[in-house]
Amino acid sequence: MRGKLVTGNWKMNGNLASNQALLQAMIPAISPISGAKSAVCVPFPYLAQVEQLLRGSGIAWGAQDLCQFDNGPYTGAVSATMLADFGCRYVIVGHSERRSVFGESDGVVALKFSQALRVGLIPILCVGETLDEREAGVTEAVIARQLDAVIGQSGVAALADAVIAYEPVWAIGTGKTATPGEAQAVHAFIRRRVAAGDEAIAAGLQILYGGSVRAGNAAQLFGAPDIDGGLIGGASLNADEFIAICRCAQPAA
Ligand code: 13P
């Protein structure tokens, strides 16, 4: 896989009118960008709208979560099968907000990851440490635990069809970005950890950085050797910012 990918995570934001305005501004600017991929991960109710607006454009779409089970008696849940039905290419799995606010365990995240793969969706597996964990010097241990849960469930080969996003929890929505050096160190650790299981898969694995990425810091972050693009929260709700971030992912001419 490799090459760069920029994915917007709209989180629980948007409405029919604002989504349409945002995508209509983005499509003509982002579709011609070559050498880098882009996508938006949107709230479930807007998947039909987004599919209709983005079909045939250069921008892929996806969801922000899915159920760990397939269709059945799970009131309020949304299955991988349903996401595939709406043309999703990606689904975010194990975002820190799912883990901390909704209590998702590593085990549940691993099941969700395998559900995505089952229907051919590309899971974007989020990993990252809290500020307390970073200050306690256990960043690598936390990320290893989060990764190993998924590898234990699906096998390292499954990462050939997946994307990983390193999102330090302390950098999400705080305006406090990891420096390119701090992020690169963790990205390299993730790649080494995967390489211990399969070197070729590690070499091809896209590892995105997420946490207060803006147009003003994206180029520096994306320039680090193991940073293969970004998972963008707040800035993905602003067309000009998101377009500028996508341009930063283009390979130099
Ligand atoms: P912000 O870009 O708003 O910090 O959010 C990052 C994020 O959580 C993306 O998934």
Side-chain angles (χ1 to χ4, degrees), residues 4-14 18-19 22 26 30 37-44 46-47 50 59-66 83 88-102 104 109 112-113 116 121-131 133-134 139 142-143 146-147 150 162-180 182-183 186-187 190 206-222 224 227-249:
K4 297 248 191 293
L5 169 67
V6 175
T7 302
N9 172 9
W10 290 0
K11 307 195 178 184
M12 198 171 74
N13 293 292
S18 69
N19 299 343
L22 181 60
M26 279 166 45
I30 292 177
K37 293 195 168 128
S38 62
V40 289
C41 290
V42 310
F44 295 134
Y46 300 122
L47 278 172
V50 169
I59 307 171
W61 60 96
Q64 301 165 11
D65 185 32
L66 78 170
L83 299 183
C88 290
R89 180 165 171 79
Y90 297 99
V91 60
I92 297 171
V93 174
H95 191 280
S96 64
E97 288 151 15
R98 300 296 318 169
R99 294 177 189 263
S100 67
V101 182
F102 299 99
E104 280 183 18
V109 171
K112 291 185 171 192
F113 183 94
L121 289 169
I122 299 175
I124 301 176
L125 172 68
C126 297
V127 297
E129 81 288 3
T130 63
L131 186 57
E133 289 164 341
R134 173 160 281 260
T139 297
V142 168
I143 286 163
Q146 293 170 337
L147 271 180
V150 166
V163 171
I164 291 180
Y166 168 55
E167 298 207 310
V169 178
W170 47 272
I172 295 176
T174 58
K176 204 176 158 194
T177 320
T179 64
E182 284 170 333
V186 178
H187 283 233
I190 293 169
Q206 286 179 320
I207 308 175
L208 313 184
Y209 169 78
S212 299
V213 178
R214 299 281 179 271
N217 58 24
Q220 258 201 316
L221 286 160
F222 298 170
I227 300 182
D228 305 308
L231 186 55
I232 320 299
S236 73
L237 299 169
N238 177 304
D240 291 341
E241 278 280 318
F242 192 68
I243 292 163
I245 293 168
C246 289
R247 291 197 174 121
C248 292

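Note that these values count all heavy atoms, side chains included, but never hydrogens, waters or copies made by symmetry. Order of appearance sets the numbers: ligands from 1, and atoms from 1 within every ligand. For clarity, every value in this text was computed on a predicted model and none was experimentally measured.
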Distance from [atom] to nearest protein heavy atom, with residue and atom:
atom: atom 3 (O) of ligand 1; answer: G234 N, 2.8 Å
atom: atom 2 (O) of ligand 1; answer: G233 N, 2.9 Å
atom: atom 9 (C) of ligand 1; answer: E167 OE2, 2.9 Å

Report yes or no: does [X] contribute a side-chain atom to a donor-acceptor pair with the main-chain N or O of [Y] at less than 3.5 Å?
X: D65; Y: K112; value: no
X: S100; Y: S96; value: yes
X: E129; Y: R134; value: no
X: K4; Y: G229; value: no

Contact atoms of ligand 1, heavy-atom distance to A171 under 4.0 Å: 4 (O)
Q220 atom CD: more than 12 heavy-atom contacts under 6.0 Å: no
Contact with ligand 1 for A235, non-hydrogen, under 4.0 angstrom: no
A165 touching ligand 1 at heavy-atom level, < 4.0 angstrom: no
Which segment of N9 sits under 4.0 Å of ligand 1 when only heavy atoms are counted: side chain
